There are 2 protein chains.
Amino acid sequence: MTRIRHKSLACSPGCAVEATLQYIDGKWKGVILYHLLHGTLRFNEIRKRLPNITQRMLTTQLRELEHDGFVLRTVYPEVPPKVEYSLTTRGRTLEPVIMALKKWGDENTAFGQDTPP
Amino acid sequence: MTRIRHKSLACSPGCAVEATLQYIDGKWKGVILYHLLHGTLRFNEIRKRLPNITQRMLTTQLRELEHDGFVLRTVYPEVPPKVEYSLTTRGRTLEPVIMALKKWGDENTAFGQDTPP
DNA sequence: GCCCATAGTATCGGAAATGATACCGTCATG
DNA sequence: CATGACGGTATCATTTCCGATACTATGGGC
């Protein structure tokens, strides 16, 4: 059910590079983590920030991030449901990585913008 | 023929993160770039450093890296063939990204080793 | 009674990424 | 004349990922 990533990983030195990439690949995880760096968000709040993601994708990506220990999922027993997502301590260790990605993207692609809510 | 990556990219702010990831995803590119950071390498030298990659995969990944302007491919008209791969200036701009990935991997996974040739 | 919001699941199908395997050309060596 | 080194291609099968769509539960407001 939960995807079986992080399989063989049989490179030699630069293996650490691959290992890290395995965690943040998946088309949406990078951005999700980026947004969570700025604070706790509810499910639909994340969704608004990722206009093209489907509900299913967001759910699975969040589940994987949770499974990998980067994200904390807090369910409030209310109706309508309320679920908050935030970074764990381990999740925050990815900050330098995410920011390096962001920086490169800003400087080398057509995305130097930041639209505040 | 050449894969059509870098498609929609319709996230809002953290888009730059995704944009960068699109270039270095692909299961092998990260490591390839990492090894090339240390200097020019021939085809089979790279292959030795990535025990599990198939010839086809190495070729396609290198072609994509070349297409994206990160890698320079130099063919020497000799027999047997000799082809060298090195980073372009643009390729070197990825160094902080690669090193951030490497560092995180070293500190947070079971890959704190570096086996010298 | 009916609709809405929230945070999901379930199911299906297609596209894309990766892997396995076999083959190619040329010259040097034995 | 067979073999090996090097840097590939070609073809096919499989795995994996991703998207579209439909469905669910519950309580509050109208």
Side-chain angles (χ1 to χ4, degrees), chain A residues 1-11 18 21-32 36 40-68 71-86, chain B residues 1-11 18 21-32 36 40-68 71-86:
Chain A
M1 179 21 27
T2 309
R3 240 83 60 70
I4 306 110
R5 289 153 174 279
H6 329 313
K7 292 167 286 196
S8 51
L9 271 265
C11 16
E18 267 318 294
L21 275 173
Q22 305 251 351
Y23 286 108
I24 59 179
D25 72 354
K27 177 127 193 234
W28 299 106
K29 292 201 194 158
V31 216
I32 294 174
L36 288 179
T40 298
L41 291 172
R42 295 182 58 175
F43 187 84
N44 275 346
E45 290 175 331
I46 302 179
R47 198 134 79 107
K48 274 177 211 135
R49 284 163 175 75
L50 302 168
N52 289 350
I53 199 172
T54 62
Q55 210 161 20
R56 187 172 101 66
M57 265 298 108
L58 183 52
T59 307
T60 61
Q61 301 285 292
L62 283 169
R63 287 297 192 284
E64 288 187 25
L65 289 170
E66 186 191 7
H67 173 87
D68 289 338
V71 160
L72 181 69
R73 179 164 175 269
T74 314
V75 183
Y76 296 86
E78 304 174 0
V79 162
K82 176 178 175 183
V83 181
E84 282 185 349
Y85 292 92
S86 57
Chain B
M1 170 39 13
T2 308
R3 239 85 59 70
I4 307 111
R5 288 153 175 280
H6 330 311
K7 291 169 286 198
S8 52
L9 271 265
C11 17
E18 267 318 294
L21 276 173
Q22 305 250 351
Y23 286 108
I24 59 178
D25 71 355
K27 178 128 194 234
W28 299 105
K29 292 199 194 160
V31 217
I32 294 174
L36 289 179
T40 297
L41 291 173
R42 296 182 57 176
F43 188 84
N44 275 345
E45 291 176 331
I46 302 178
R47 198 133 79 107
K48 274 176 211 136
R49 285 161 175 77
L50 303 169
N52 290 350
I53 199 172
T54 62
Q55 209 162 20
R56 190 174 99 66
M57 264 298 107
L58 182 51
T59 307
T60 60
Q61 302 284 292
L62 283 170
R63 287 296 193 286
E64 288 186 25
L65 289 171
E66 186 192 6
H67 173 87
D68 289 338
V71 160
L72 181 69
R73 179 165 176 269
T74 314
V75 183
Y76 296 88
E78 304 174 0
V79 162
K82 175 178 175 183
V83 181
E84 283 186 347
Y85 291 93
S86 57

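Throughout, protein chains are lettered first and strands after them, A, B, ... in sequence-line order, and every chain is numbered starting at 1. Predicted model, so just to flag it, every value in this text is computed and none were measured.
Looking at the side chain of B:Thr59, the nearest of the listed nucleotides D:dT9, C:dG25, C:dG8 is D:dT9. When distances are taken from the side chain of B:Gln55 to each of C:dG8, D:dG19, D:dG7, the shortest belongs to D:dG7. The side chain of B:Asn44 has D:dC6 as its nearest neighbour among C:dG19, D:dC6, D:dG8. The side chain of B:Arg73 approaches D:dG8 more closely than any other nucleotide in the set D:dC18, C:dT18, D:dG8.
Residue-to-nucleotide proximity on DNA chain D shows that, of A:Ile53 and A:Val79, the 5′-proximal contact is made by A:Ile53.
Summarising the geometry, the separation between CD on A:Gln61 and P on D:dT16 is reported as 16 Å, rounded to the nearest angstrom. The distance between atom CE of B:Met57 and atom P of D:dA10, rounded to the nearest whole Å, is 15 Å. Atom-to-atom, NZ of A:Lys82 to C1' of C:dA7 comes out at 13 Å; the value is rounded to the nearest Å. Residue A:Arg63 contributes atom CZ, which lies 17 Å from atom P of D:dC18 at whole-angstrom precision. For A:Leu41 and C:dT6, the CG to C1' distance is 15 Å, given to the nearest whole Å. Taking atom CG on A:Leu62 and atom C1' on C:dG8, their separation rounds to 11 Å, with Å as the unit. Taking atom CD on A:Glu78 and atom C1' on C:dC4, their separation rounds to 17 Å, with Å as the unit. Counting to the nearest Å, the C1' atom of D:dG8 and the CD atom of B:Glu66 are 13 Å from each other.
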Problem set entry | Steps toward side-chain contact (heavy atoms from CB on, under 4.5 Å) verdict (A:Tyr23, A:Lys29) | CA-CA 8 Å; A:Tyr23 286 108; A:Lys29 292 201 194 158; over 6 Å; no

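At a threshold of 4.5 Å between non-hydrogen side-chain atoms, the residues A:Met57 and A:Leu50 do not count as touching. With contacts defined as side-chain heavy-atom distances shorter than 4.5 Å, the pair A:Thr40/A:Leu72 does not qualify. Considering only heavy atoms from C-beta on, A:Arg56 stays 4.5 Å or farther from A:Thr59 through its side chain. Contact of the B:Trp28 side chain with the B:Asn52 side chain is registered, since non-hydrogen atoms from C-beta on lie closer than 4.5 Å.
For a distance-only test at 3.5 Å, the side chain of B:Arg42 fails to qualify as a donor-acceptor partner of the base of D:dG7. For B:Arg56 against D:dG8, a side-chain-to-base donor-acceptor contact under 3.5 Å is absent.
Among the heavy atoms of the strands lying under 4.0 Å from B:Tyr85 are primed sugar atoms or P, OP1, OP2 only; no base atom is included.
Distances shorter than 4.0 Å separate none of the side-chain N or O atoms of A:Lys27 from OP1 or OP2 on C:dA16.
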